[in-house]
Amino acid sequence: MDPIRKPMDQSHTIPFHLVPHTTKTSVEELPHHVHDWHELFIIHQGSCTFFIDDMFYDVKEGDTVIIPGNVIHCSILKKGDTLTTTALFFCPSLLSSTLSSDQELLSSLFFASKQNKQYRYHMAPDKQQEVCSLFEQLKRETMQTDHYSTEMTALIIRTIIILMNRSCMTPNDLTISTPHIPAWIKDSLSYIDTHLKEDLDLTMLARRSSVHPSYFSKTFKTAVGLTYSEFVKSKRMVRAKEWLISTDESIQTIAEECGYSSMPHFFRTFRSITGMTPSSYRKRTLK
């Protein structure tokens with residue numbers, strides 16, 4: 001199945017959703033999913049493997065995970081294991097309304113995470129406690145009904161992001177361990193990411209990895225959680241959305257850059273994933 005497009009609660013005046021101190025098992029966690037909002041969460045207890053974009057990360061208590069909008073991701077929990085986190089989801093536009101002359105300043109952590117493919121960070125205990133205190137303050141603010149609650153909510157969220165930028169935008173020595181994932185799978189994921197415009201035939205990837213196509217297909221599905229074709233389609237759709245909102249290129253050019261030689265096929269696929277046409281998506285996002 002394709003990654004789930006996770007809906008977000010739009011009931012607040014401020015476009016955000018806080019999920020405080022929640023414990024999940026492999027049964028309760030969503031499979032591969034994607035959403036337009038940015039996400040960040042702190043792991044209070046437990047450990048698991050996270051698949052984000054095209055990378056695997058072993059995460060544990062004390063880690064912070066940053067997931068920019070429109071990035072495929074899921075947690076891979078072993079049966080019987082649990083993971084306790086506090087998660088914050090928010091619309092990227094929330095960071096644009098700032099007095100700073102550089103409106104992308106608050107978004108820099110999310111841009112850097114995606115560009116560098118570094119989604120996992122580890123803050124010093126005192127800094128993490130400071131962020132957790134702000135989460136508690138944000139939770140209390142959602143119960144307020146006075147005229148100041150909207151501004152206060154936005155202020156707290158921006159303060160959280162500032163602290164995260166200050167604490168996470170530094171080099172760290174967190175390596176991507178995941179020894180249980182074959183090296184040729186990781187290499188194939190990297191190859192797919194840099195060759196989306198080309199014909200990504202499974203047999204070619206299997207030959208490049210020196211394994212039989214059926215073994216490649218089965219191992220890929222086991223490791224990633226999506227079939228090879230589902231993953232490639234999802235990556236192409238994510239790339240198409242990025243180009244639609246960040247460039248002035250024509251829709252035909254974007255389709256070709258994402259590996260679609262047939263415009264009708266591109267339109268059908270895009271609409272089946274997003275529920276709208278590419279042009280409608282561009283207009284709605286750039287409002």
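When a residue number appears, it is its place in the shown sequence, counting from 1.
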Engineer: Once salt bridge (Lys or Arg N to Asp or Glu O under 4.0 Å) is applied, do any residues pair with K114, and if so which ones, sequence neighbours excluded?
Structural biologist: E242
Engineer: Excluding sequence neighbours, so at least two apart, what forms side chain to side chain contact (heavy atoms under 4.5 Å, CB included) with R207?
Structural biologist: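 Result, side chain to side chain contact (heavy atoms under 4.5 Å, CB included) vs R207: T203, M204.
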Engineer: According to side-chain hydrogen bond (donor to acceptor under 3.5 Å, both in side chains), who are the partners of T153, at least two apart in sequence or on a separate chain?
Structural biologist: none
Engineer: According to salt bridge (Lys or Arg N to Asp or Glu O under 4.0 Å), who are the partners of E256, at least two apart in sequence or on a separate chain?
Structural biologist: none
Engineer: Among all residues two or more places apart in sequence or in another chain, which pass the ring pair (Phe, Tyr, Trp, His ring centres under 6.0 Å) test with F41?
Structural biologist: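 In terms of ring pair (Phe, Tyr, Trp, His ring centres under 6.0 Å), with neighbours along the sequence ignored, F41 is linked to F50.
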Engineer: Taking only residues two or more places apart in sequence, or in another chain, which ones meet H265 in a ring pair (Phe, Tyr, Trp, His ring centres under 6.0 Å)?
Structural biologist: Y260
Engineer: Excluding sequence neighbours, so at least two apart, what forms side-chain hydrogen bond (donor to acceptor under 3.5 Å, both in side chains) with K127?
Structural biologist: none
Engineer: Could you tell me which residues satisfy side-chain hydrogen bond (donor to acceptor under 3.5 Å, both in side chains) with S250, sequence neighbours excluded, listed by chain and number?
Structural biologist: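 S250 satisfies side-chain hydrogen bond (donor to acceptor under 3.5 Å, both in side chains) with T253 only.
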Engineer: Quick one: CG on D193 to NZ on K235, what's the gap to the nearest 0.5 Å?
Structural biologist: 4.0 Å
Engineer: With a cut-off of 3.5 Å and sequence neighbours excluded, list every side-chain donor-acceptor pair involving residues 76-92.
Structural biologist:
from : atom 1 : to  : atom 2 : distance (Å)
T84  : OG1    : T23 : OG1    : 2.7
T86  : OG1    : H21 : N      : 2.9
T86  : OG1    : H44 : NE2    : 2.7

Engineer: For P264, check side chain to side chain contact (heavy atoms under 4.5 Å, CB included) against everything at least two apart and list the hits.
Structural biologist: S262, R268
Engineer: Could you tell me which residues satisfy side chain to side chain contact (heavy atoms under 4.5 Å, CB included) with D146, sequence neighbours excluded, listed by chain and number?
Structural biologist: Q144, Y148, S149
Engineer: Test of understanding: with side chain to side chain contact (heavy atoms under 4.5 Å, CB included), list the residues that count as partners of E151, not counting sequence neighbours.
Structural biologist: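 With sequence neighbours excluded, E151 shows a side chain to side chain contact (heavy atoms under 4.5 Å, CB included) to no residue whatsoever.
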Engineer: Distance from I245 atom CD1 to D36 atom CG, nearest 0.5 Å?
Structural biologist: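 One gets 8.0 Å once the value is rounded to the nearest 0.5 Å.
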